[in-house]
Each structure stands twice: as C-alpha cells, then as structure tokens.
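Every number for a ligand or one of its atoms is a count from 1 in the order of the listing.
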Amino acid sequence: MIPLDFHPTGRHFLQIPGPSPVPDRILRAMSLPTIDHRGPEFGALGLKVLKGIKDVFQTKHPVIIYPASGTGAWEAALSNTLSPGDHVLMYETGHFATLWNRVATRLGLSVEFLTWPGDDAELPNAAGWRHGVQAALIEERLRQDTQHRIKAVCVVHNETSTGVTSDIPAVRRAIDAAQHPALLMVDSISGLGCADFRHDEWGVDVTVSGSQKGLMLPPGISFNAISPRALQASQQAKLPRSFFAWDEIIDMNATGYWPYTPNTNLLYGLSEALDMLQDEGLDNVFARHQRWGEGVRAAVNAWGLPIQCADPEVYSPVLTGVITPQGINADDVRRLIHERFDLSLGTGLGKAKGRMFRMGHLGDSNDLTLLAMVAGVEMGLKLSGVKLQQSGIHAAMDYFAAHPVRRVLNRAA
Ligand SMILES: *Cc1c(COP(=O)(O)O)cnc(C)c1O
C-alpha cells in the first residue's frame with residue numbers, strides 16, 4: 001500500500017492520455033481567489049471563455065460549458081437532441097465509443113453499433129480497435145434506412161483507448177451522399193486542442209469535449225458545441241433533461257453567467273489555456289502534437305513492437321497505443337514502470353485489457369519530457385523480459401534532433 005503522503009522527489013511523469021500534465025501557468029491562474037459567480041467580474045470572465053472556446057472548436061455557434069466530466073457532456077449531447085426510443089447509429093472504434101453507446105442505451109435510445117468487419121492476428125477479439133471509422137459502412141447503412149429511422153450518427157474523433165483517429169469530414173460526406181437527415185455527433189474529448197477539429201466546416205451538429213486532455217486543464221469541465229440544426233432538434237427532443245438543458249444555459253450565457261454555480265477556478269484555468277492556444281496558434285499546436293507522435297512512434301518502431309493503430313494514415317497525435325508480446329501482461333509492465341520510475345502510462349481498456357499500454361504525448365510536455373517517458377518505458381520493457389530489436393530512446397532522439405520545430409504564422413494574427 002502506498003501511503004497517502006508519499007511524494008517522491010522530482011516531477012511525476014503523468015503520461016496517461018488524460019488527465020494530461022497541467023502547465024504551471026494554468027495552475028497559477030487557477031489559484032486566484034474564488035469570486036462571486038453572480039458578481040460583475042464573473043460576467044467578464046464568463047464572456048471571455050465562452051467566446052474564446054468557440055475558436056478552439058472552430059465554430060461561430062454556441063458552445064456550452066458544463067461543470068461535469070466528459071461523460072456528462074456525452075449525456076447532454078444525446079438528451080438535448082433526441083427522444084425516447086430514437087434509433088442512433090454508433091461506430092465501435094474502441095472503449096470510449098463503447099461507453100458512449102452505454103450512455104445512449106441507458107438513456108432509452110435504441111443503439112446500433114457498427115463494427116470493423118476485418119480480422120486481426122494481434123488482437124483477434126478487438127480487430128476494429130486498430131482502425132478508424134469506415135465511412136463507407138455508415139453510408140451503406142444510412143442508404144438502407146429509407147424511412148429515416150436513424151436520428152443521429154455518433155463517432156469518436158480521437159479514440160483515446162487505442163490511439164486511432166477518424167476522418168470526420170468523410171463521415172459527413174457519407175451522411176450527405178446517402179441524403180440522410182441524421183444529426184452528426186462527434187466525441188472530440190481528447191482530440192480537441194491536439195488534432196485539427198473544425199466543428200462548422202466539417203458539418204458537425206454536436207461536438208462533445210472535455211477539459212483534461214488537449215486543453216491541458218484538470219478534469220471537471222466539458223463542452224457541447226452546437227450547430228443551428230442541433231439547436232432546432234432540441235426544441236422537439238423529448239428525452240428528459242434538467243441540469244444539462246441547453247436552452248436555459250444559452251439564455252444566461254448571453255451575459256456571461258450560468259443558471260447554477262459554474263466551476264470558477266477551472267474557468268480561470270480555461271481562460272489561461274485559451275490564451276496559450278491562441279498565442280501559439282492552432283496550426284502550430286496541431287503540428288507540435290503530430291511531431292511528438294512521430295518521435296514517440298519512432299521509438300516504438302525501433303523496439304519492434306506493434307503500434308495499436310494499424311493504419312498509419314490515422315495515427316493519433318495525442319497518444320500511441322503499444323501492443324505487448326503474447327504472454328507479457330501490459331498492466332504488469334505498467335505497474336513496474338510506475339513503481340520503479342514514477343511514470344504513469346495508460347492502461348489497456350475493455351477488450352484491450354492486458355494486451356497494450358498507452359503513451360500520452362499531450363499537455364505540458366516537450367521533447368525532453370517525452371524522451372524521459374520513452375526511456376522509462378524502454379527500461380520497463382527490458383526489466384519485464386521483452387526482447388527489443390533496437391533502442392527506442394536513440395530512435396526518438398534522432399527523430400527530434402533531425403526535425404526542429406517550424407512554427408507557422410498564427411492564422412488568427
Ligand atoms: C476521456 C474521454 C472520455 C470520458 O471523459 P470523462 O471526462 O472521463 O468523463 C470520453 N471519450 C473520450 C474519447 C475520452 O478521451
């Protein structure tokens with residue numbers, strides 16, 4: 001048992017793909033005194049974050065900020081737009097898609113779960129967990145639905161359980177090609193602020209996100225970005241909702257306030273995070289995560305271990321899933337690395353439990369912190385008896401050294 005007051009020296013390496021390491025700048029901003037959430041200063045803070053968050057979603061339409069984890073915003077997306085018994089089409093990219101399905105089912109929706117039809121030798125019972133959404137399957141299913149019983153298509157943009165992204169514009173094109181009126185709902189809880197995401201341009205109706213991944217905040221706030229069609233749907237939708245109801249929140253947000261007590265100090269943090277993202281420029285933020293992903297994957301490839309994402313086109317810039325050899329329990333490797341090197345890695349979730357671990361490359365990081373993660377993993381793999389082809393740490397160093405950061409001019413500037 002680890003005593004609660006156990007604090008090893010130096011920084012803990014929090015390399016799970018969320019919560020991500022929080023920059024000191026954000027922690028300091030959050031330490032400001034808590035103010036009256038009905039007072040005049042609060043309205044200014046509220047208006048600032050409500051406006052700034054729209055730029056991150058790349059939308060001109062309302063974004064709701066909830067004092068809830070991402071799961072709450074999943075529920076909000078569904079309960080605001082749908083009615084009991086409505087049919088929704090979801091796509092099994094991994095554990096988070098599976099959990100969103102469970103939320104929908106518990107709310108009384110009728111969920112159809114599309115799954116990758118292929119096989120996989122490494123992960124035979126989770127073959128679909130190595131690929132992104134196949135938009136053609138969605139189009140085919142929607143074309144069969146001539147009665148338009150399907151009311152929403154729900155997909156995950158960055159599947160945090162696997163390290164695979166999905167092509168959201170392709171899903172939009174599939175819905176349009178089938179001339180189907182279903183709403184498009186996207187979970188970009190871990191994609192937002194790391195991978196390019198364009199709510200308006202991509203024709204998304206509701207985007208769900210959260211604070212503790214790409215936005216670099218602690219857990220505790222989540223978001224719904226809403227299209228005009230989704231807002232319209234909410235006027236007819238009959239699922240019960242109270243805390244999550246959009247209409248009352250949107251009304252009060254007009255002056256920077258909420259119908260209940262919002263999480264003031266996390267909003268200070270959000271304000272700081274928005275400044276950081278804006279100063280750097282979103283294009284630079286996305287390129288930075290791509291580069292980090294490349295460097296980490298160079299290490300995994302040198303080790304000779306399979307990357308969970310089987311399709312290089314859709315590698316996640318947020319995290320890399322690594323499959324351990326048969327007979328090596330990935331959770332034992334993780335535990336050893338945590339005990340020996342004070343480094344936390346993401347566990348294999350659901351169908352991937354014990355077969356893989358996840359290396360996060362998001363939040364307050366840089367080349368050297370990522371190299372420390374790679375070194376910790378390499379030592380842990382060797383100590384666990386895994387035969388490595390080559391040194392991953394050298395491959396990652398070589399990648400970072402050969403690829404200096406190139407910043408482009410801030411689009412917004
Ligand atoms: C983290 C995450 C969630 C769950 O969010 P919570 O804040 O844990 O409720 C859902 N979907 C994805 C893709 C995530 O990464």
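- No side-chain donor from either of Asn80 and Ser234 sits under 3.5 Å from a side-chain acceptor of the other.
- Of the N and O atoms on the side chains of Asp275 and Ser271, not one donor lies less than 3.5 Å from an acceptor on the other residue.
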Enumerate the pairs of nitrogen or oxygen atoms, one from ligand 1 and one from the protein, separated by less than 3.5 angstrom; state names and distance to 0.1 Å.
| from | atom 1 | to | atom 2 | distance (Å) |
| --- | --- | --- | --- | --- |
| ligand 1 | 7 (O) | Gly70 | N | 2.8 |
| ligand 1 | 7 (O) | Gln212 | NE2 | 2.8 |
| ligand 1 | 9 (O) | Ser69 | OG | 2.6 |
| ligand 1 | 9 (O) | Gly70 | N | 3.2 |
| ligand 1 | 9 (O) | Thr71 | N | 2.8 |
| ligand 1 | 9 (O) | Thr71 | OG1 | 2.5 |
| ligand 1 | 11 (N) | Asp187 | OD2 | 2.7 |
| ligand 1 | 15 (O) | Thr160 | OG1 | 2.4 |
| ligand 1 | 15 (O) | Lys213 | NZ | 2.6 |

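- Although no hydrogens or angles enter the test, the distance criterion places a donor-acceptor pair under 3.5 Å between the side chain of Trp258 and the main chain of Ile65.
- Annotation: the span from Ile64 atom CD1 to Trp246 atom CH2 amounts to 7.5 Å, rounded to 0.5 Å.
- Geometrically, Lys213 engages Phe96 in a cation-pi contact defined by less than 6.0 Å to the ring centre and at most 45° from the axis.
- Residues passing the side-chain hydrogen bond (donor to acceptor under 3.5 Å, both in side chains) test with His131, sequence neighbours excluded: none.
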